J.: 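This is the structure, below, for whatever I ask next.
The shown structure was predicted, so the numbers you read here are calculated from the model rather than taken from an experiment.
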Amino acid sequence: MRSLIDSLRFWCCCLVALVAIYSCQVLPALAVPLPVATPSELKISLGNTANELTFFPSQIQLVAGKKYKLLLSNPSPQKHYFTAREFASNSWTQKVDAGNVEIKGAIQELELRPSTNAAWVLVPMKPGSYQLRCTIPGHTEAGMTGKIVVATK
């Protein structure tokens, strides 16, 4: 009976040690504070009614760790993509509202059809300069590019 108790103590100590090691590795990553505040809104147009292939504005300034609501609109007569994959990979997305649909999870690219709107609520996590472009064939080459600059806090 004594050896059974000693064995149980040993395995309990091992379990506690594993939980402690796991907590030290995982909890700091979970401890990143995400803003609860109302997001700052930025209006971004993909093209215009004159069918110009450009983003308005073409440079977007953000701050790492701050919550934003990107109000995307496409007033042009053709569809456009809002593509900034590296930026999206280095941001935490809360949601995208498009029409009557709310999308959650990792976002890499948004397609806006003519005369549509979408709202992307996100927190950029990593400072840097990120390329923005419309990946429809010919649009990037015609100048539909931009830059997203994420500054440190």
J.: Test of understanding: clusters of I, L, V, M, F, W, Y form through side-chain heavy atoms closer than 4.5 Å, transitively. Do F55 and I136 belong to the same one?
T.: no
J.: Say you draw a straight line from CG of L62 to CG of L122; how long is it, rounded to the nearest 0.5 Å?
T.: 7.0 Å
J.: Report whether L71 and I44 are members of the same hydrophobic cluster (ILVMFWY, side-chain heavy atoms less than 4.5 Å apart, transitive linking).
T.: no
J.: Could you report the tightest heavy-atom contact between A119 and K69, atom names first, then the distance?
T.: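 Answer, listing the atom of A119 first, then K69: CB-CE, 3.8 Å.
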J.: Does T83 reach the side chain of Q131, with side-chain heavy atoms less than 4.5 Å apart?
T.: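 No, side chains not in contact.
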J.: Which heavy atom of N74 sits nearest a heavy atom of L112, and at what distance?
T.: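 The answer is ND2-O, 2.9 Å.
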J.: Would V123 and Y68 count as a side-chain contact (heavy atoms from CB on, under 4.5 Å) if you check the C-alpha gap in whole Å, the side-chain angles of each, and the deciding distance to 0.1 Å?
T.: CA-CA 6 Å; V123 177; Y68 293 93; over 6 Å; no
J.: Group every Ile, Leu, Val, Met, Phe, Trp and Tyr by side-chain heavy-atom contacts under 4.5 Å, then state whether V96 and L42 land in the same group.
T.: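 Yes, same cluster.
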J.: Would you compute the distance between atom NZ of K67 and atom CH2 of W92 and round it to the nearest 0.5 angstrom?
T.: 5.5 Å
J.: Could you check whether E41 pairs with K43 (Lys NZ or Arg NE/NH1/NH2 to Asp/Glu carboxylate O, under 4.0 Å)?
T.: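 Result for this pair is no, no salt bridge flagged.
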J.: Check whether any side-chain N or O of T140 sits under 3.5 Å from a backbone N or O of C134 as a donor-acceptor pair, and report yes or no.
T.: yes
J.: Following the transitive rule for hydrophobic clusters with a side-chain heavy-atom cut-off under 4.5 Å over Ile, Leu, Val, Met, Phe, Trp and Tyr, establish whether I103 and L110 coincide in one cluster.
T.: yes
J.: Which value, rounded to the nearest 0.5 Å, describes the distance between S91 atom OG and K126 atom NZ?
T.: 11.0 Å
J.: Using every non-hydrogen atom in the two residues, find where F87 and P124 come nearest and quote the distance to one decimal.
T.: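 Nearest pair, atom of F87 first, then P124: CE1-CB, 4.0 Å.
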J.: To the nearest 0.5 Å, tell me how far Y130 OH sits from I148 CD1.
T.: 9.5 Å
J.: Give me the one residue out of Q78, K79, R133 that meets side-chain hydrogen bond (donor to acceptor under 3.5 Å, both in side chains) with H139.
T.: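 Only one of Q78, K79, R133 forms a side-chain hydrogen bond (donor to acceptor under 3.5 Å, both in side chains) with H139, namely Q78.
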J.: For the residue pair I107 and A88, what are the closest heavy atoms and their distance?
T.: O-CB, 2.9 Å
J.: If you take all heavy atoms of E109 and T135, which pair is closest and at what distance?
T.: OE2-OG1, 2.8 Å
J.: Let me check something: do L72 and V149 share a hydrophobic cluster, defined by ILVMFWY side-chain heavy atoms less than 4.5 Å apart, either directly or through other members?
T.: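 Each belongs to a different hydrophobic cluster.
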J.: Might you point out which heavy atoms bring L46 and P75 nearest each other, and give the distance in Å?
T.: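 Closest pair (atom of L46, atom of P75, distance): O-CD, 3.7 Å.
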J.: How many angstroms lie between atom CE of M144 and atom OG of S58, to the nearest 0.5 angstrom?
T.: 11.0 Å
J.: What distance do K104 atom NZ and K95 atom NZ have between them, rounded to the nearest 0.5 Å?
T.: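 If I round to the nearest 0.5 Å, the distance is 6.0 Å.
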J.: Which residue pairs satisfy the side-chain hydrogen bond (donor to acceptor under 3.5 Å, both in side chains) criterion with at least one member in residues 111-122, sequence neighbours excluded?
T.: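 Non-adjacent pairs meeting side-chain hydrogen bond (donor to acceptor under 3.5 Å, both in side chains): Y81-E111, T93-W120.
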